[in-house]
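Please read the structure below before turning to the comments.
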Amino acid sequence: MSGDHFHNDSQIDSGSRHNDSHKHKDKYKDKEHKHKDHKKDKEREKSKYSNSEHRDSSDKKHRDKDKERLKLKDGSSDKQKDKHREKKKEERSFDGKPKKEKENGFESPFIKSEPENDGFYHSPKHEKSLKREHKKGEAATDGKKKAKKEPEEKWKWWEEERYTDGVKWKFLEHKGPVFAPPYEPLPSNVKFYYDGKHMKLSPGAEEVATFFAKMLDHEYTTKDVFRKNFFKDWRKEMTSEEKSKLTDLNKCDFSEMSEYFKAQSEARKAMTKEEKLKIKEENERLLQEYGFCIMDNHKERIANFRIEPPGLFRGRGDHPKMGMLKRRIRPEDIIINCSKDSKYPKPPPGTKWKEVRHDNKVTWLVSWTENIQGSIKYIMLNPSSRIKGEKDWQKYEMARRLKKCVDRIRAQYREDWKSKEMRIRQRAVALYFIDKLALRAGNEKEEGETADTVGCCSLRVEHLTLHQEMDGQEYVVEFDFLGKDSIRYYNKVPVEKRVFKNLQLFMEDKEPEDDLFDRLNTSILNKHLQELMDGLTAKVFRTYNASITLQQQLNELTSSEDNVPAKILSYNRANRAVAILCNHQRAPPKTFEKSMQNLQTKIDAKKEQLADAKRELKSAKADAKVRRDEKSKKAVESKKKAVQRIEEQLMKLEVQATDREENKQIALGTSKLNYLDPRISVAWCKKFGIPIEKIYNKTQREKFAWAIDMAEKDYEF
DNA sequence: TACTTAACTTAGTATGCTCAGG
DNA sequence: CCTGAGCATACTAAGTTAAGTA
C-alpha cells in the first residue's frame, strides 16, 4: 500500500551549487518544543535496583551470580520466582515457548494501545540480569554440555522491563575520557618558510600550522573561505612578533612540514610487526580501561571514549566555518556525569574537571562544548548497549504503530489538500512529501552558521520546478536541493493534480529564495502529527517507509529456489531500493572502474575455463560411450562435477558484478543501520536459511542482538 | 539540550599475485 | 608444474565527527 514511492532518477551529482541565495527568514517562529513525556510512568520497584547502588555490593553480587548460574543452565530457571510476573510477562514469551500471542507473535512493550498494556513490563526481573551476565569462569562450574564454542552468555536486556519514568540508569561508573595526545613539536630540521625565508614558529603557532600542513593535499585548502578562516584563527595563536610578520597566508610555505608528515605516515606503515603489536596492545589496554562503564550492574561498551583532537574544522558542503581552528579540549572543559555512589573518574594530575554531575535522566557520561558552533558534544554508549538498543527497538515499534494508522493519516492529509486554510494545505502537502518521498523534516537553521541545506519544511521555491507535463506524464515536480550533509536530492515526481495546484499556489508571487511552505515549520508539523498519533514525528515516516519497503521488496524479490548468493543479491536489491528512497548516496569508490574491470577479466577467464571444462566433459562422454568401462564413466562424472562447480563460480562472479555495478553510488549501510527494522532481516534469514552473518557483520550483530534473539521467521513488520 | 543519523577516513584484514624453491 | 612465502592491492570494518531531529 505504501509501495508506490517515487524513486530518485539517480542522476546523482552531489556537486556544487549556488550558495549565494539570500533567504528571507520570516517564518512563524514557533519556539515551543514539546517534550514527549511518557506520562503514566509507574514507579519501578526501587528495591530491585538496590544492589546497583553501592559499589561494594559487587562482591555479593558475584556470589549471587554464581549461585544463580547453577540453576540457570537448564534454561528454565527464569520461570521460578516472581509471583506478579505471570500475567504480564506471559505474553512476552521470551522464555522458550513458541511465541504466538499477538499478531506477530511478539508483543511490543512499546505499544500501549490498550490501557492494560502499560503495566506490561512492570514485573521486576532484575535478578535475571545478574544471572545472565557472567563473563568468566563459566564452564567449569556448571558442567553439562559446554561443548560448543563457549558462547559466553550475553545479557539479554530485552527480556527485562524498562525504566518508564525518564530515569535512564540508577548506577553509572566510568573512567572519564581519553584526551588527545599532547602536541609534539617538530624536529628542528623541519622548517617553515615565510616569503621564502626560514622562520621558527612558537609552539602554539607551529601546532596550528601543522594542522594546515597536514591538509595541504586537500582541495579545500585552496578555498577562499577555508584559508580566510584558518588564517584568522591561526593569527590568534601567534606571538605578537609572529603576528606582525606573518600577514599573508599566500607567502607561507608549509611544504616541508607536509613532507614530514607524509614521511611519518609512511614510516608508520613500514613499522615492524613487533612495533605494530605494541601499539595494538596499548590501544587494547586503553580500551579495557576507558572503553567500558558500569551501568546498572552491567559492563557496557562506550562508543567514543576518546576526545576529538584539535584540528581544522571541515564542515560538509559549502560551510561558512570551514578552516576554523577546532581547539584542544582540556579537563577544565569537561563535564562528567556519573552516579553519586560511584567511583568518580579522576582528571589528569594537576587538572580539574569543569563539573561532576549526577543526572540520571540523561544517557551521556561526558560532555564538553565545542568551539566552532558552540554545540555540546557527548560521550555515550555503544549501540550494543541496553540504553541504545532499547531506544532503537522503540523506534521501530513506533514505526509499526504508524503502519497501523497510516491509511487514516493519508486520507486525512489528502482531505487537507482541499482546506481553505493555507497553513493546513501547506502542512498537508509537506506531509505528503515526507511520506511519499521520505524527506527529512527540515528544521530551520541559523543562516551563516552552517551550509545552506534544506529538508521538507525548509524547502524554498528555487528548489522545485513544476512541469504541467513532462515525458508523457502529467503534473511532474522536479526537486533539486541539497539535503543533510549537502547531499544533492534530485528527483522528478509525478504528483496528484491537487498537490500540483497547491504547489502553484504556494509558489505564486514569491522569489526563488522564499520559503515554499511559508506557513509551516517542523514544530508546527510535528505538533500536528502528535495529534494524529501519540509519539508521531516526521522522522517516523522515514523509518516506517524504509522498513515497509524492505519487507515488500524482500517478499517480491526472493524466490526460494534461488541459491544463497542469488538470495543475497535479492536482499541487497531490496536494501538498495530503500537506500534510493532515502537518498543515501556515496561517492563512487576511487578505484571503482578498475575493480569492475578486474572483475570482468575474472569473469571472462571463468567463462573460458567453463568452455574448456565443457569440452572435456564432451570428450569424456564420447570416450565413455566407446569404452564403456567403469573408469571412463567415473571420468565423465567427475567432469560433470567440474563443470557444475565452474558454473556456480561463474554465477557467483556475475552476481557479484551486478551487485557492485548497481551499488556504484548507493550506500547501503546507513539504511541498514538506522532505518530497517532488523527483525525483518532476521526473519528473512530464518525463513530462507541464510546465515545471519551474510547480512550483518560482527558489529551489526552486536547492535541488533535483540532482534536476532527475538525475531522468528514469521515476523512481520 | 540530548540524542540519532550520516558520510567520510583510516585501520585492519582478506585476497590475489609473483616468484623462489621443491 | 606446484606450493607457499611475502608482498601489493582491494575490500570491509571500525572509528570519527558533522549534521540532522525533536
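Letters A, B, ... mirror the listed sequences (proteins, then strands); counts begin at 1.
Applying the 3.5 Å distance criterion, the base of B/dA7 shares no donor-acceptor pair with the side chain of A/R586. Not a single donor-acceptor pair, N or O on each side, falls under 3.5 Å between the base of B/dT4 and the side chain of A/K391.
Ring-plane geometry between A/F479 and A/F481 is classed as perpendicular, the angle between the planes exceeding 60 degrees on a 0 to 90 degree scale with a lower cut at 30. Note: A/F226 and A/F212 have tilted aromatic rings, judged against thresholds of 30 and 60 degrees for the angle between ring planes. A parallel orientation is assigned to the rings of A/W353 and A/F179, their planes being inclined by less than 30° (bins at 30° and 60°).
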- Message: Determine whether A/F305 and A/H174 satisfy the following criterion, ring pair (Phe, Tyr, Trp, His ring centres under 6.0 Å), listing intermediate values before the conclusion.
- Response: CA-CA 10 Å; A/F305 56 90; A/H174 59 91; over 10 Å; no
- Message: Checking A/K168 against A/N360 for the side chain to side chain contact (heavy atoms under 4.5 Å, CB included) test, could you report, in this order, the C-alpha distance in whole Å, the side-chain angles of both residues, the deciding distance, and whether it holds?
- Response: CA-CA 6 Å; A/K168 303 294 172 60; A/N360 73 355; 5.7 Å; no
- Query: When you look at A/F541 and A/I409, which way does the side chain to side chain contact (heavy atoms under 4.5 Å, CB included) test go after all the steps?
  - Reply: CA-CA 11 Å; A/F541 283 87; A/I409 289 172; 4.1 Å; yes
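As judged by a 4.0 angstrom heavy-atom cut-off over every strand, A/P309 is placed among residues touching the sugar-phosphate backbone only. Contacts of A/A667 with the nucleic acid, taken as non-hydrogen atoms under 4.0 Å apart, are absent. Using a 4.0 Å heavy-atom cutoff across all strands shown, A/G455 reaches no nucleic acid atom at all. Within 4.0 Å of A/R440, counting heavy atoms only, lie sugar-phosphate atoms of the nucleic acid but no base atom. Nucleic acid contact class of A/K168 (heavy atoms, under 4.0 Å, all strands): sugar-phosphate only.
One can place CD1 of A/I379 at 16 Å from P of B/dT4, the figure rounded to the nearest angstrom. Between A/L536 atom CG and C/dA22 atom C1' the separation is 12 Å, expressed in whole Å. If you take CG of A/N304 and C1' of B/dT5, they are 14 Å apart, rounded to a whole angstrom. Straight-line distance from the NZ atom of A/K326 to the C1' atom of C/dA18: 9 Å, rounded to whole Å. The distance from atom CD1 of A/I376 to atom C1' of C/dT21 is 16 Å, rounded to the nearest whole Å. Atom NZ in A/K698 sits roughly 13 Å away from atom C1' in C/dT12 (whole-Å rounding). Separating the CG atom of A/L325 from the C1' atom of C/dT17 is a distance of 16 Å, rounded to the nearest angstrom. Summarising the geometry, the separation between NZ on A/K395 and P on C/dA22 is reported as 12 Å, rounded to the nearest angstrom.
Taking side-chain N and O atoms only, A/Y378 has no distance below 4.0 Å to OP1 or OP2 of B/dT4. One finds a side-chain N or O of A/K388 lying less than 4.0 angstrom from the OP1 or OP2 phosphate oxygen of B/dT4. The phosphate of C/dC11 has OP1 or OP2 within less than 4.0 Å of a side-chain N or O from A/R660. Residue A/T670 places no side-chain N or O under 4.0 Å from the OP1 or OP2 atom of B/dA6. For B/dT4, neither phosphate oxygen OP1 nor OP2 lies less than 4.0 angstrom from any side-chain nitrogen or oxygen of A/N674. When the side-chain nitrogen and oxygen atoms of A/T453 are compared with OP1 and OP2 of C/dG20, one or more of them lie within a distance under 4.0 Å. At the phosphate of B/dA6, OP1 or OP2 sits under 4.0 Å from a side-chain N or O atom of A/H584. Look at A/T363 and you'll find a side-chain N or O under 4.0 angstrom from OP1 or OP2 of B/dC3. A close approach under 4.0 Å does not occur between any side-chain nitrogen or oxygen of A/N443 and OP1 or OP2 of C/dG20. Put simply, A/Q373 has no side-chain N or O that comes within less than 4.0 Å of OP1 or OP2 on C/dA18. Taking only side-chain nitrogens and oxygens, A/K377 comes nearer than 4.0 Å to OP1 or OP2 of C/dA18. The shortest distance between the side-chain N/O atoms of A/K539 and the OP1/OP2 oxygens of B/dT5 is below 4.0 Å. The side chain of A/K445 contributes an N or O atom lying less than 4.0 Å from OP1 or OP2 of C/dG20.
Each of A/R301 and A/R314 was assigned the nucleotide of DNA chain C with the nearest heavy atom; the assignment lying further toward the 5' end belongs to A/R301. Mapping A/R357 and A/S671 onto DNA chain B by nearest heavy atom places A/R357 at the nucleotide closer to the 5' end. Both A/D359 and A/T543 lie near DNA chain B, and the one whose nearest nucleotide falls closer to the 5' end is A/D359.
Side chains of A/Y378 and A/T363: a donor-acceptor N/O pair is absent below 3.5 angstrom, by distance only.
Relative to the side chain of A/K484, the nucleotides C/dA22, B/dA2, B/dA6 differ in distance, and B/dA6 lies closest. With C/dG15, B/dA7, C/dG20 as the choices, the nucleotide that has an atom nearest any side-chain atom of A/I487 turns out to be B/dA7. Among the nucleotides C/dT16, C/dT21, B/dA6, the one closest to the side chain of A/R306 is C/dT16. With C/dA18, C/dT21, B/dC3 as the choices, the nucleotide that has an atom nearest any side-chain atom of A/M380 turns out to be B/dC3. Listed nucleotides: C/dA22, C/dA19, B/dC8. Nearest to the side chain of A/A587: B/dC8.
At a threshold of 4.0 Å, the pair A/R386-A/E390 counts as salt-bridged, since one of the basic side-chain nitrogens sits closer than that to a carboxylate oxygen. In summary, A/R401 and A/E397 do not engage in a salt bridge, as defined by a charged side-chain N under 4.0 Å from a carboxylate O.
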Taking only nitrogen or oxygen atoms into account, show me every contact under 3.5 Å that the protein makes with nucleotides 11-17 of chain B, one pair per line with its distance.
from, atom 1, to, atom 2, distance (Å)
B/dG16, OP1, A/K602, NZ, 3.2

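Nearest heavy atom pair, residue A/I524 against residue A/R519, reads CD1-O, 3.9 Å.
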